[in-house]
There are 4 protein chains.
Amino acid sequence: MSSVVLKFSGFKSHGVVVMCELEDPAAKYFSPKVTERERAAFEAGIALGMVIHQFTGIPVRFPEQVKLLERVIEYAIMSQPFKKKSAVRVSIEIPSSRSPYAYTTLRSKNLDVTLTVEYGKAVVKARLHYIPELDYTLAYIEDISEKSGEVLTGEVCR
Amino acid sequence: MSSVVLKFSGFKSHGVVVMCELEDPAAKYFSPKVTERERAAFEAGIALGMVIHQFTGIPVRFPEQVKLLERVIEYAIMSQPFKKKSAVRVSIEIPSSRSPYAYTTLRSKNLDVTLTVEYGKAVVKARLHYIPELDYTLAYIEDISEKSGEVLTGEVCR
Amino acid sequence: MSSVVLKFSGFKSHGVVVMCELEDPAAKYFSPKVTERERAAFEAGIALGMVIHQFTGIPVRFPEQVKLLERVIEYAIMSQPFKKKSAVRVSIEIPSSRSPYAYTTLRSKNLDVTLTVEYGKAVVKARLHYIPELDYTLAYIEDISEKSGEVLTGEVCR
Amino acid sequence: MSSVVLKFSGFKSHGVVVMCELEDPAAKYFSPKVTERERAAFEAGIALGMVIHQFTGIPVRFPEQVKLLERVIEYAIMSQPFKKKSAVRVSIEIPSSRSPYAYTTLRSKNLDVTLTVEYGKAVVKARLHYIPELDYTLAYIEDISEKSGEVLTGEVCR
């Protein structure tokens, strides 16, 4: 069979992390030279590209709107493949005037996004936030690692 | 003075609707031939164009995500000038599979948006929803009218 | 029949502007109180909302990219219903550094958009551009008017 | 110095590929565990996430619009860091009717995007296109490799 297996969920059993295999039906379209870490890095990049280009531009006037925006972006991240965690913080200055034109729009520099991708044994923690030194909202990889543990299939995973 | 006044908030006093004037600092950029009704129709159009082109494309996998999306779109509408009300309903089929690729994305045909614009005495109720007969997600004006009542300035409005 | 006719194309014949009728299959969804001018203002608003929320955010690094962006936005405007003309100018400062991070993104304040909507006899000329006095990229109606002329159907229009 | 060097441009000299170093001012924000290949995969992901979430939704009515869209997407890709090549093909069915509502909008399944990222010695060729078997527009890595050659600094690179 050509598709690479993906360990979708893990749990502890007698102190050993046990991972259940789930097939990745798209794996066969990737070059076989791609490692699990490279794949996880690629998926993290897609997620951050999505966040910037989907959500910037939203009109913002109400303080209570900000928390909702954070949740909506987190859910969008988690909707795409192989995401394990996401945390979004929006820091935005809302004009205090009551003028009809006193609102702002979400910009990439208002975003602080952290997300974790797991693909097989690879784990990538990626982040998006504004770096004053670069005057640039940078998408970068904070950590990349590999889980150790056993991979199981069968009854225990169903 | 060139700018048209805008009645931003209303309340009842002895059975008469009283509207407070608020200046529209952008009014002078509009042709003086534009009526309040036309202006309200224009602002309603901007809002619906915003909704379609800002929010479609969001990845959706979780049922609890849908209510959040509705609120976030409503707040975005209310953030722009002269909006009085907005109600958004998202009807979207979420795949039940646990596959990594089993999610969907928000499309305009998933949206049912109703919003009210008030500009001066003009009130426009506009809507966006999918019309099977046209196979098209139509933005249209459900109602357009003019409020009657007194317009006040001064102490009572501050 | 409930649908309002729309004069889609015009030409001059013996010095008289002659307009050919084309049905608007969506007219019946609009309140009958909506005038042709109000409808044209609404369609102009949709177009400008689309432009802002569809195109801002595009990464820009190359001077030759700017003219292409202008054309692409014009075509997008003309693709939607009842547009007669569009002209887009993008004024954007591109960093001169060769650094990988030395690029910019299209923002609404970089846009100067003019478009004409015709609906029936109504003509709306709308514009989007940055107004320093308001520190706001304003969508507004520069002109609204009604064409005079005869409306024809039949052979001559086919 | 903490930042990793990046070979920005290459040329052949006496049959040997010579690469000039360019500093990556953002390298220090990445985990030192990230390889050049992983970084290149990450940047490729960002680009494809950008394409999908920036460009889908554009209204399309005119056949001549399609080539312009392809160029505009290619330029957007090349504007972001470390892109070496991009090729975009848009396959979209445009309704032939002259109805005001007879247009379509760009969807991810209309896109076939190929792009090459180079980061240091790593080269990633990534692709986005619709896979009927998955009924999904898949972003994937077609090839990943490392260039061999010498890396130079100094006079020859200026």
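Residue numbering restarts at 1 for every chain, and letters A, B, ... go by the order of the sequence lines.
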Problem - Pair N110(C)-Y130(C), side-chain donor/acceptor within less than 3.5 Å - result: no
Problem - Which portion of T104(D) sits near chain C, non-hydrogen atoms under 4.5 angstrom - result: neither
Exercise for the section: Answer whether the closest heavy-atom distance between the side chains of V88(C) and D112(C) falls below 4.5 Å. Expected result: no
Exercise for the section: For the residue pair I58(D) and T56(D), establish whether any side-chain heavy-atom pair is separated by less than 4.5 Å. Expected result: no
Handout entry: Atom pair CD/NZ of E118(C) and K85(C) - distance to nearest 0.5 Å
Key = 8.5 Å
Problem - Atom pair CD1 (I92(D)) and CG (L69(D)), whose distance is rounded to the nearest 0.5 Å - result: 8.0 Å
Practice task
For S97(C) and A102(C), work out which heavy atoms get closest and say how close.
Solution key: O-CB, 3.5 Å
Handout entry: E64(D) atom CD, over 12 foreign heavy atoms within 6.0 Å
Key = yes
Exercise for the section: Identify, with sequence neighbours excluded, every residue that meets salt bridge (Lys or Arg N to Asp or Glu O under 4.0 Å) alongside K109(D). Expected result: none
Handout entry: Set of salt bridge (Lys or Arg N to Asp or Glu O under 4.0 Å) partners for E142(C), sequence neighbours left out
Key = K125(C), R127(C)
Problem - Whether Y101(C) and F82(D) hold their rings parallel, tilted or perpendicular, with breakpoints at 30° and 60° - result: perpendicular
Problem - Heavy-atom contacts under 4.5 Å, residues 73-80 of chain C to chain D - result: Y75(C), A76(C), M78(C), S79(C), Q80(C)
Exercise for the section: Could you please state which residues from residues 42-55 of chain D sit under 4.5 angstrom from chain C, measuring non-hydrogen atom to non-hydrogen atom, sorted by number, or 'none'? Expected result: M50(D), Q54(D), F55(D)
Problem - Portion of T105(C) that has a non-hydrogen atom of chain D nearer than 4.5 angstrom - result: neither
